[in-house]
Number of protein chains: 2
Amino acid sequence: MTVTLADVARRARVHPGTASKALNPATRHRVAPDTVRRIVRAAQALGYEPNSLARGLRTRRSRTVGVLIPDLANPLFPPIVRGIEQVLGAADHLALLADTDNDADREERLVAMLLGRRSDGFIVATARREHPLLDRLADAGTPLVLLNRVSDHPRHSSVTGDDAEGVLDAVRHLAALGHRRIAHLAGPQDLSTGHLRHRAFLDAVDRLGLDRGDCPVLPGTTYSTEAGRSGAHAALSLHPRPTAVLAGNDLMALGVLDALTEAGLHCPRDLSVIGFNDMPMLDRMATPLTTIRTPQHEIGAESARLMLRILDGLPEPLHIRLPCRLIVRASTAAVGQPG
Amino acid sequence: MTVTLADVARRARVHPGTASKALNPATRHRVAPDTVRRIVRAAQALGYEPNSLARGLRTRRSRTVGVLIPDLANPLFPPIVRGIEQVLGAADHLALLADTDNDADREERLVAMLLGRRSDGFIVATARREHPLLDRLADAGTPLVLLNRVSDHPRHSSVTGDDAEGVLDAVRHLAALGHRRIAHLAGPQDLSTGHLRHRAFLDAVDRLGLDRGDCPVLPGTTYSTEAGRSGAHAALSLHPRPTAVLAGNDLMALGVLDALTEAGLHCPRDLSVIGFNDMPMLDRMATPLTTIRTPQHEIGAESARLMLRILDGLPEPLHIRLPCRLIVRASTAAVGQPG
DNA sequence: GTCCAGAAGACAAACGATTGCCGTCCATGA
DNA sequence: TCATGGACGGCAATCGTTTGTCTTCTGGAC
C-alpha cells in the first residue's frame, strides 16, 4: 500500500542504502549525479514519502518539538502557537501541542507521552519560577526553551517580552495623565511574569517619583478575569481609592472592568485600567483596553528559531528579550476627567 | 541513557518479547502472573517509557491523529481543538495540529508531512465542498472525519452543528421583532457551512411567510471581518434598506458592525445583526452580538470520539449533528425602535 | 510408566530507514 | 605495465518494538 525506500530503490535499480544516500542532501555527493537523478525520479513517480517513524528510530531525531501551553483557549496563545508552527514547519519540523490546563499532573502525563514519542525538545509556556519537572528534563539533557517565562535558575534558555520596559511605559503613561494613586493587580507570584511585573511596577513607581504608599500592590492567584474581578473589588474599597489600575494581564483587566460595572462605576472616568499582552479582539471591547502589547507571534517564532538552533548544537543558555509597546485606547484618561 | 524494553527484560530476567507481552494488557494472559508482576516492577523501577517510534513502526499505528484547521487564530477553533485533545488524550492518542492558513498548497504539504509521520487519521475542519485532497485520502483508505463541514459526497463522516435549525431560530427571532426585510451576508459558497446556511436562510424565509424579494442574499468570499464589512456596505446601499442582517459567521458580523460605524449608523437601532458560532469574548464586545451558538467544544470532542471509533473499525460514514442555540444579546432589536 | 495437553517463555523475524565499511572499477601517473 | 587512489554503490548492522512459532516442562489421565 504505502511506498517504501525499497520500492524506490527497486525501480531505480539500486540498493536501498544508495537510494537513501541519494535522497538525503547531506549524503548526496556519495552518489553519481545520474544515479541521483534516476532515484529522485523514481521517488517522485511513486510518490515516496519517507516514514518518519523508521527514520526517527534510526537517527534518534523525530524532527518534532513538544509545545506546552497552559490553555489554548486563552487568546494570548494562538498567535504564539502560529509563530512557532510557522518557523518549525519551514524547517520541516512539527509542533506537538500539549494543553496542560494549568494542571501539574496533566503536564507530567503529557510530557511523558511526548517523550515517548521522542520529541527532540520542548518549548514551555507553562513554566513556574520553581518547576521540578523542567529541572528533571534539563538534567536529562532535553533541549528546553521557556516562552514568556524565565526560570529563577538561569540555566534554561528563554524568550520573553521586555516586561519591565512595558510596565515602565504604562506607569509613565498614567503618571503623565496625572495619576498619583496607581494600584497594581499583580499576577501569580510563582510565575516569572507575575513576579517580574510586580517588581517592575515598584521600580517604575520609584523612578517616576511616585509614592509607594499611594501605589498598593494587590496579589492575584491566577491570570483570570475572576482574579481581576475580585482584586478590583478589593482595590475599590481602599481609602483613598486608587485612580488607576495596572492589571497583571488583559484577562485580569477585563475582570476589573466587570467589577467596575458591578460597582456602578465607569472606566475610565472613575478608574483608568491598563492590561498586559494586547490579546486579540481587545480593540473591539465595550471599553477598548489600553494595554502593553507583547509581540506574541514574534515570541513564538523566536522561540522556535532558538529551539532549532539549540537542536543544532548552539551552546546554551540564551535569553532573548523582545520589545513591548504601549497601546493607548479608551480605558485610560486623565485624572478626574470624563473619558 | 533512555531505558528500553531490553533493559526491563534484563532486570526481570526474561526475554524482551516476554516483557512486551507482559506490559501489554491485551497479551498479558500469555505470561504467568508472577512474571508479569516482576516485569511491571522492573519497568517502574527503571522508569520505562515505550518508544512509540519503534512501536508505531512495527504496529503501523501511531496513535496520532492529524487535525487540519484553517486558522488557529480564529477564536472559533481553540475550543474545538481543546475538545479534540481532551478526548484523544484520554484514549492515549495525540493530536497533531496543522494550521493550513486557508492555503491549499500549504495544506498539501502539511498532509504529506503528517502522513510521513504516519498519522492514523485526519480530523478536517478545512473541508471545501469539493476537495480533491480529501477524496485522495479517502481513496487511500485514510480514516477521515469532517468537522463543522460536510462534503457534497456523503462518503466522508462528519460532525457539525445543526446549522439549519440555528438559522431558522435566528430568522424567527428577527421576524418576531417585526423585521420583514432581512438580508443574509452569506459565507463562501464553496464551503458547506456557507452553502447550507444560505439554503437554510431561504428556507426559513419561506417557512416564516416572509417575501424572498425583501430578503436579499449577498455572497461573501471569505469568513472574515473584511468580507462582512464590504458586504454590509453593499447591503446598506440597497433600496429599500434591510432592517436586519444575518451574517455567515461572527467575524462577518463584526465586520458589519464596523461598516455601520463607518456609515454613521447604529446597531441595533438602524440595523439588527446576528452572527453565527458564538465565539469567545463576543459578550464583551462594544455591541454584544446576538448569535447562534454552536457547541464548539462538544463538536471537537465528538469528532475525536468518532475518529477513535472509526480507527476501531466502526463502519462508515456517520454523520453527527449537534443542536445549536440562539443567544440573544444587544445587537438585535424590534424594528424602528431604539435598541 | 507413557503419553498428551497446555502453559510459559524463548526465539527470531519483521517494520523502514540510515550509515559506516568494504569491494570493484576505472583513470591516472610513474 | 603496474601500483595508487578516488568514485561509486552494495552490504549489513542497527534503532526498539511486536508477534507468530517453537521449545520446554509440568501435571494429569490412562
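Atom set for the values below is all heavy atoms of this structure, side chains included, hydrogens, waters and symmetry mates excluded. Lettering of chains follows the sequences in order, A, B, ..., and the numbering in each one begins at 1.
- Of the possible donor and acceptor atoms, one in the side chain of Ser157(B) sits under 3.5 Å from a partner among the backbone N and O of Leu318(B).
- Two end axes, each from the C1' atoms of five base pairs, can be drawn for the helix from dG1(C)-dC30(D) to dA30(C)-dT1(D); they diverge by 60°, to 10 degrees.
- The separation between Arg28(B) atom CZ and dA8(C) atom P is 14 Å, rounded to whole Å.
- Of the two residues contacting DNA chain C, namely Leu23(A) and Pro33(B), the nearest-nucleotide position lying further toward the 5' end is that of Pro33(B).
- Side-chain atoms of Arg28(A) come within 3.5 Å of backbone N or O of Ala22(A) as a donor-acceptor pair.
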Between Glu49(B) and Arg118(A), is a salt bridge (charged side-chain N to carboxylate O under 4.0 Å, His left out) present by the stated rule, with each step listed?
CA-CA 10 Å; Glu49(B) 190 73 32; Arg118(A) 293 305 180 265; over 6 Å; no
Scoring nucleotides 11-17 of chain C by protein non-hydrogen atoms under 4.0 Å (B base, S sugar-phosphate only, - none) yields BBBBBBB
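- Within 4.0 Å (heavy atoms only), Thr35(A) reaches sugar-phosphate atoms of the nucleic acid but no base atom.
- With a cutoff of under 4.0 Å to any heavy atom of chain B, the contacted region of DNA chain D is bounded 5' to 3' by dG16(D) to dG20(D).
- The residue from Asp190(B), Asp135(B), Asp152(B) that alone fulfils the salt bridge (Lys or Arg N to Asp or Glu O under 4.0 Å) condition with Arg129(B) is Asp152(B).
- Evaluated for a side-chain hydrogen bond (donor to acceptor under 3.5 Å, both in side chains) with His131(A), the options Glu107(A), His156(A), Arg149(A) yield exactly one hit, Glu107(A).
- Within the 4.0 angstrom heavy-atom criterion, no nucleotide atom of any strand lies near Thr27(A).
- Ion pair Arg309(A)/Asp312(A) not flagged as a salt bridge, since none of the NZ, NE, NH1 or NH2 atoms sits closer than 4.0 Å to an Asp/Glu carboxylate oxygen.
- Although no hydrogens or angles enter the test, the distance criterion places no donor-acceptor pair under 3.5 Å between the side chain of Asn74(A) and the main chain of Phe77(A).
- Glu302(B) and Arg305(B) are joined by a salt bridge, as a carboxylate oxygen and a charged side-chain nitrogen come within less than 4.0 angstrom of each other.
- One N or O on the side chain of Asn51(B) and one on the backbone of Leu53(B) form a donor-acceptor pair closer than 3.5 Å.
- Tested against His93(B), the residues Ile84(B), Val87(B), Leu311(B) include a single side-chain contact (heavy atoms from CB on, under 4.5 Å) partner, Leu311(B).
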